[in-house]
Undergrad: 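Dumping the structure here so I can ask a few things about it.
Computation of the quantities below employed the complete heavy-atom set of this structure, encompassing side-chain atoms and omitting hydrogens, waters and symmetry-equivalent molecules.
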Amino acid sequence: MNKQFNKLIKARNGFCLYNKNDHYIGRSIENYGEFSELEAKMFKQICKQNDTVIEVGANIGAHTQLFSRLVGEKGKVLAFEPQRIIFQTLNANIAINSMTNVFTYQKALGSKKGELFLPPIDYSKNGNFGGISVDKASKGERIELVTLDSFIEDIERLKFIKIDVEGMESEVIKGAKKVIKKFKPLLYIENDRQEKSKELIELIWSLDYKIYWHMPRLFNEDNYYKKEENIFGNIVSVNMLCIPKDLDIKVEKMHKIIDSDFHPMRKDKNDAK
(Lines give C-alpha, C1' and ligand atoms only; values in the text may rest on other atoms or scores of the structure.)
Protein backbone atom coordinates (compact mmCIF):
# COMPACT_ATOMS: atom_id res chain seq x y z
CA MET A 1 0.00 0.00 0.00
CA ASN A 2 2.55 2.56 -1.17
CA LYS A 3 0.23 4.54 -3.41
CA GLN A 4 0.83 7.97 -1.91
CA PHE A 5 -1.71 10.26 -3.55
CA ASN A 6 -2.59 12.70 -0.74
CA LYS A 7 -0.73 15.92 0.05
CA LEU A 8 -1.20 18.43 2.87
CA ILE A 9 -0.79 22.18 2.39
CA LYS A 10 -1.85 25.46 3.97
CA ALA A 11 -4.78 26.78 1.94
CA ARG A 12 -7.23 29.68 2.11
CA ASN A 13 -9.54 28.10 4.70
CA GLY A 14 -6.95 26.26 6.76
CA PHE A 15 -4.81 23.16 6.31
CA CYS A 16 -6.06 21.06 3.42
CA LEU A 17 -5.40 17.44 2.56
CA TYR A 18 -6.09 16.79 -1.12
CA ASN A 19 -5.51 14.22 -3.85
CA LYS A 20 -2.71 15.44 -6.09
CA ASN A 21 -4.14 13.36 -8.97
CA ASP A 22 -7.56 15.05 -9.00
CA HIS A 23 -8.08 17.02 -12.23
CA TYR A 24 -10.09 19.89 -10.77
CA ILE A 25 -10.30 20.09 -6.98
CA GLY A 26 -6.80 18.75 -6.36
CA ARG A 27 -5.15 20.79 -9.12
CA SER A 28 -6.93 23.94 -7.99
CA ILE A 29 -5.90 23.54 -4.35
CA GLU A 30 -2.32 22.70 -5.32
CA ASN A 31 -1.94 25.65 -7.70
CA TYR A 32 -4.12 28.28 -6.02
CA GLY A 33 -4.71 27.20 -2.40
CA GLU A 34 -8.46 27.19 -2.96
CA PHE A 35 -11.24 25.65 -5.04
CA SER A 36 -14.04 27.51 -6.83
CA GLU A 37 -13.56 30.65 -4.77
CA LEU A 38 -15.99 32.54 -7.02
CA GLU A 39 -18.71 30.21 -5.73
CA ALA A 40 -17.43 30.77 -2.21
CA LYS A 41 -17.84 34.53 -2.58
CA MET A 42 -21.58 33.98 -2.90
CA PHE A 43 -21.64 31.66 0.11
CA LYS A 44 -19.98 34.42 2.15
CA GLN A 45 -22.89 36.73 1.35
CA ILE A 46 -25.47 34.15 2.46
CA CYS A 47 -24.08 32.20 5.41
CA LYS A 48 -23.62 33.99 8.72
CA GLN A 49 -22.86 33.24 12.37
CA ASN A 50 -25.20 30.71 14.04
CA ASP A 51 -26.64 29.49 10.70
CA THR A 52 -27.13 25.83 9.80
CA VAL A 53 -25.82 24.72 6.40
CA ILE A 54 -26.26 21.40 4.62
CA GLU A 55 -23.72 20.37 1.99
CA VAL A 56 -24.71 17.41 -0.18
CA GLY A 57 -21.66 16.17 -2.05
CA ALA A 58 -19.01 17.72 0.18
CA ASN A 59 -16.06 15.94 -1.45
CA ILE A 60 -12.85 16.62 0.52
CA GLY A 61 -14.36 19.65 2.28
CA ALA A 62 -12.89 22.60 0.37
CA HIS A 63 -16.17 24.46 0.92
CA THR A 64 -17.09 22.62 4.13
CA GLN A 65 -14.15 24.33 5.81
CA LEU A 66 -15.47 27.70 4.67
CA PHE A 67 -19.01 26.95 5.86
CA SER A 68 -17.63 25.95 9.26
CA ARG A 69 -15.87 29.30 9.61
CA LEU A 70 -18.87 31.29 8.38
CA VAL A 71 -21.45 29.79 10.77
CA GLY A 72 -19.16 29.86 13.79
CA GLU A 73 -19.10 27.91 17.02
CA LYS A 74 -22.87 28.04 17.53
CA GLY A 75 -23.63 27.23 13.91
CA LYS A 76 -23.84 23.78 12.34
CA VAL A 77 -22.73 22.16 9.09
CA LEU A 78 -24.08 18.79 7.92
CA ALA A 79 -21.79 17.39 5.21
CA PHE A 80 -22.64 14.32 3.11
CA GLU A 81 -20.09 12.49 0.96
CA PRO A 82 -20.65 8.91 -0.31
CA GLN A 83 -17.15 8.00 -1.58
CA ARG A 84 -15.33 6.27 1.27
CA ILE A 85 -11.80 7.43 0.39
CA ILE A 86 -12.95 10.98 -0.28
CA PHE A 87 -15.00 10.88 2.93
CA GLN A 88 -11.88 9.94 4.89
CA THR A 89 -10.10 12.99 3.47
CA LEU A 90 -13.10 15.17 4.33
CA ASN A 91 -12.90 14.01 7.94
CA ALA A 92 -9.14 14.56 8.01
CA ASN A 93 -9.62 18.17 6.90
CA ILE A 94 -12.30 18.79 9.49
CA ALA A 95 -10.18 17.21 12.25
CA ILE A 96 -6.88 18.88 11.42
CA ASN A 97 -8.58 22.28 11.55
CA SER A 98 -10.44 21.48 14.82
CA MET A 99 -13.82 22.24 13.27
CA THR A 100 -16.20 20.91 15.91
CA ASN A 101 -19.37 22.33 14.33
CA VAL A 102 -19.28 19.94 11.33
CA PHE A 103 -21.21 16.64 11.26
CA THR A 104 -20.15 14.29 8.46
CA TYR A 105 -22.04 11.36 6.95
CA GLN A 106 -20.78 8.78 4.47
CA LYS A 107 -24.14 8.44 2.79
CA ALA A 108 -25.74 9.23 -0.55
CA LEU A 109 -28.92 11.29 -0.51
CA GLY A 110 -31.85 10.48 -2.76
CA SER A 111 -35.64 10.23 -2.99
CA LYS A 112 -35.94 7.04 -0.93
CA LYS A 113 -34.02 4.73 1.39
CA GLY A 114 -31.92 2.03 -0.22
CA GLU A 115 -28.40 1.42 -1.43
CA LEU A 116 -26.14 2.34 -4.32
CA PHE A 117 -22.79 1.02 -5.49
CA LEU A 118 -19.49 2.79 -5.99
CA PRO A 119 -17.51 1.24 -8.86
CA PRO A 120 -13.80 0.53 -8.28
CA ILE A 121 -11.74 3.72 -8.40
CA ASP A 122 -7.94 3.98 -8.37
CA TYR A 123 -7.28 7.25 -6.55
CA SER A 124 -3.54 6.91 -7.25
CA LYS A 125 -4.15 7.63 -10.95
CA ASN A 126 -5.29 10.83 -12.60
CA GLY A 127 -9.06 11.37 -12.51
CA ASN A 128 -11.94 13.71 -11.82
CA PHE A 129 -12.93 12.29 -8.43
CA GLY A 130 -15.48 15.04 -7.87
CA GLY A 131 -17.31 13.93 -11.01
CA ILE A 132 -18.03 10.33 -10.00
CA SER A 133 -21.69 9.28 -10.33
CA VAL A 134 -22.87 6.73 -7.76
CA ASP A 135 -26.24 5.94 -9.36
CA LYS A 136 -24.96 4.03 -12.40
CA ALA A 137 -23.17 0.92 -11.11
CA SER A 138 -24.96 -2.36 -10.34
CA LYS A 139 -22.14 -3.72 -8.20
CA GLY A 140 -19.18 -2.48 -6.22
CA GLU A 141 -18.72 -0.93 -2.80
CA ARG A 142 -22.10 -0.55 -1.09
CA ILE A 143 -23.25 2.95 -0.16
CA GLU A 144 -26.22 3.65 2.06
CA LEU A 145 -28.91 5.75 0.37
CA VAL A 146 -31.08 7.92 2.61
CA THR A 147 -33.31 10.97 2.32
CA LEU A 148 -32.56 14.38 3.74
CA ASP A 149 -36.07 14.33 5.22
CA SER A 150 -34.93 11.51 7.51
CA PHE A 151 -32.70 14.08 9.26
CA ILE A 152 -35.50 16.58 9.86
CA GLU A 153 -35.59 15.89 13.62
CA ASP A 154 -31.89 16.78 13.84
CA ILE A 155 -32.37 20.20 12.24
CA GLU A 156 -33.54 23.11 14.37
CA ARG A 157 -33.00 25.80 11.77
CA LEU A 158 -31.66 25.84 8.23
CA LYS A 159 -30.32 28.71 6.13
CA PHE A 160 -28.70 27.09 3.11
CA ILE A 161 -28.42 23.81 1.18
CA LYS A 162 -25.68 23.23 -1.38
CA ILE A 163 -26.18 20.24 -3.70
CA ASP A 164 -23.49 18.89 -6.04
CA VAL A 165 -24.23 15.24 -6.74
CA GLU A 166 -23.41 14.56 -10.39
CA GLY A 167 -26.88 14.15 -11.86
CA MET A 168 -28.79 13.06 -8.75
CA GLU A 169 -29.92 16.58 -7.88
CA SER A 170 -33.62 15.95 -8.58
CA GLU A 171 -33.58 12.80 -6.47
CA VAL A 172 -32.04 14.69 -3.56
CA ILE A 173 -34.71 17.41 -3.82
CA LYS A 174 -37.52 14.83 -3.93
CA GLY A 175 -36.21 13.31 -0.71
CA ALA A 176 -35.90 16.72 0.94
CA LYS A 177 -39.36 18.22 0.31
CA LYS A 178 -40.38 18.19 3.98
CA VAL A 179 -37.14 19.90 5.03
CA ILE A 180 -37.42 22.47 2.26
CA LYS A 181 -41.09 23.25 2.98
CA LYS A 182 -40.44 23.56 6.71
CA PHE A 183 -37.35 25.81 6.63
CA LYS A 184 -37.46 27.41 3.15
CA PRO A 185 -33.66 27.57 2.89
CA LEU A 186 -31.78 29.11 0.01
CA LEU A 187 -30.62 26.39 -2.39
CA TYR A 188 -27.46 26.28 -4.49
CA ILE A 189 -27.64 23.41 -6.97
CA GLU A 190 -25.36 22.21 -9.71
CA ASN A 191 -27.16 21.86 -13.05
CA ASP A 192 -24.64 20.75 -15.67
CA ARG A 193 -26.52 17.68 -16.98
CA GLN A 194 -28.56 19.13 -19.83
CA GLU A 195 -30.73 16.03 -20.19
CA LYS A 196 -31.86 16.40 -16.56
CA SER A 197 -32.12 20.17 -16.39
CA LYS A 198 -35.78 20.60 -17.33
CA GLU A 199 -37.04 18.18 -14.67
CA LEU A 200 -34.81 19.77 -12.04
CA ILE A 201 -35.89 23.34 -12.78
CA GLU A 202 -39.61 22.48 -12.82
CA LEU A 203 -39.25 20.49 -9.58
CA ILE A 204 -37.75 23.51 -7.83
CA TRP A 205 -40.43 25.81 -9.26
CA SER A 206 -43.07 23.47 -7.82
CA LEU A 207 -41.67 24.23 -4.35
CA ASP A 208 -42.35 27.98 -4.85
CA TYR A 209 -38.79 29.05 -5.60
CA LYS A 210 -37.41 31.53 -8.10
CA ILE A 211 -34.19 30.44 -9.78
CA TYR A 212 -31.12 32.23 -11.18
CA TRP A 213 -28.20 30.89 -13.20
CA HIS A 214 -24.80 31.24 -11.54
CA MET A 215 -21.82 30.31 -13.71
CA PRO A 216 -18.55 31.25 -12.00
CA ARG A 217 -15.20 30.45 -13.60
CA LEU A 218 -12.97 27.94 -11.85
CA PHE A 219 -10.03 30.35 -12.06
CA ASN A 220 -10.02 33.20 -9.57
CA GLU A 221 -7.61 36.00 -10.46
CA ASP A 222 -7.40 36.99 -6.79
CA ASN A 223 -6.47 33.46 -5.70
CA TYR A 224 -4.89 32.66 -2.34
CA TYR A 225 -1.42 31.92 -3.78
CA LYS A 226 -1.54 34.95 -6.10
CA LYS A 227 -0.76 32.82 -9.16
CA GLU A 228 -1.38 34.57 -12.46
CA GLU A 229 -1.45 31.49 -14.71
CA ASN A 230 -4.97 30.27 -15.50
CA ILE A 231 -4.73 26.48 -15.86
CA PHE A 232 -8.52 26.09 -16.28
CA GLY A 233 -9.11 28.47 -19.19
CA ASN A 234 -12.78 29.40 -19.58
CA ILE A 235 -14.16 26.40 -17.64
CA VAL A 236 -17.14 27.39 -15.53
CA SER A 237 -19.38 25.68 -13.00
CA VAL A 238 -23.06 25.61 -14.02
CA ASN A 239 -25.16 26.20 -10.92
CA MET A 240 -28.49 27.65 -9.84
CA LEU A 241 -29.27 29.91 -6.91
CA CYS A 242 -32.81 29.17 -5.74
CA ILE A 243 -34.65 31.65 -3.52
CA PRO A 244 -38.10 31.24 -1.92
CA LYS A 245 -40.57 33.42 -3.83
CA ASP A 246 -41.72 35.17 -0.66
CA LEU A 247 -38.16 36.15 0.29
CA ASP A 248 -37.19 39.66 -0.80
CA ILE A 249 -33.56 39.34 -1.88
CA LYS A 250 -32.02 41.58 -4.51
CA VAL A 251 -30.12 39.53 -7.09
CA GLU A 252 -27.61 41.30 -9.32
CA LYS A 253 -25.70 40.17 -12.42
CA MET A 254 -27.51 36.83 -12.60
CA HIS A 255 -30.10 35.73 -15.16
CA LYS A 256 -33.46 34.61 -13.81
CA ILE A 257 -34.63 31.28 -15.20
CA ILE A 258 -37.96 31.69 -16.98
CA ASP A 259 -37.71 28.85 -19.51
CA SER A 260 -37.12 25.31 -18.25
CA ASP A 261 -36.14 24.16 -21.77
CA PHE A 262 -33.19 26.54 -21.90
CA HIS A 263 -29.75 25.50 -20.71
CA PRO A 264 -26.79 27.89 -21.03
CA MET A 265 -24.45 25.16 -22.28
CA ARG A 266 -26.65 24.06 -25.19
CA LYS A 267 -24.67 24.19 -28.43
CA ASP A 268 -27.69 25.22 -30.52
CA LYS A 269 -28.00 28.50 -28.65
CA ASN A 270 -26.21 31.56 -29.98
CA ASP A 271 -24.98 32.51 -26.54
CA ALA A 272 -23.79 29.05 -25.51
CA LYS A 273 -20.29 28.74 -24.08
Undergrad: Which side-chain N or O atoms in residues 240-254 pair as donor and acceptor under 3.5 Å with protein atoms at least two apart or in another chain?
TA:
unit_1 : atom_1 : unit_2 : atom_2 : d
Asp246 : OD2    : Lys184 : NZ     : 3.1

Undergrad: Are Ile257 and Ile173 linked, directly or through intermediate hydrophobic residues, by side-chain heavy-atom contacts shorter than 4.5 Å (ILVMFWY only)?
TA: yes
Undergrad: Using the test salt bridge (charged side-chain N to carboxylate O under 4.0 Å, His left out), find all partners of Arg193 that sit at least two apart in sequence or belong to another chain.
TA: Glu166
Undergrad: Under 3.5 Å, sequence neighbours excluded: what are the donor-acceptor pairs made by side chains of residues 175-182?
TA:
none

Undergrad: Over 60° means perpendicular and under 30° means parallel, so classify the ring planes of Phe43 and Tyr188, tilted if in between.
TA: perpendicular
Undergrad: Grab the two heavy atoms, one from Asn59 and one from Leu90, that are nearest each other, plus how far apart they are.
TA: O-CB, 3.3 Å
Undergrad: I'd like to know whether CD of Glu115 has more than 12 heavy-atom contacts from other residues, nucleotides or ligands below 6.0 angstrom.
TA: yes
Undergrad: Please say whether the positively charged group of Lys3, taken as NZ for Lys or CZ for Arg, lies over the ring of Tyr123, i.e. under 6.0 angstrom from the six-membered ring centre and within 45 degrees of the axis.
TA: no
Undergrad: Any ion pair linking Arg27 and Glu30 (charged N to carboxylate O, less than 4.0 Å)?
TA: no
Undergrad: With heavy-atom distances below 4.5 Å as the criterion, would you say the side chains of Lys198 and Asp261 are in contact?
TA: yes
Undergrad: Please check if the number of heavy atoms outside Gln49 that lie under 6.0 Å from its CD is greater than 12.
TA: yes
Undergrad: Atom CZ of residue position Phe15 - does it have more than 12 heavy atoms of other residues, nucleotides or ligands inside 6.0 Å?
TA: no
Undergrad: Aromatic rings His63 and Phe35: how do their planes relate, parallel, tilted or perpendicular, breaks at 30° and 60°?
TA: tilted
Undergrad: Please state whether the rings of Phe80 and Tyr105 are parallel, tilted or perpendicular, taking 30° and 60° as the class boundaries.
TA: parallel
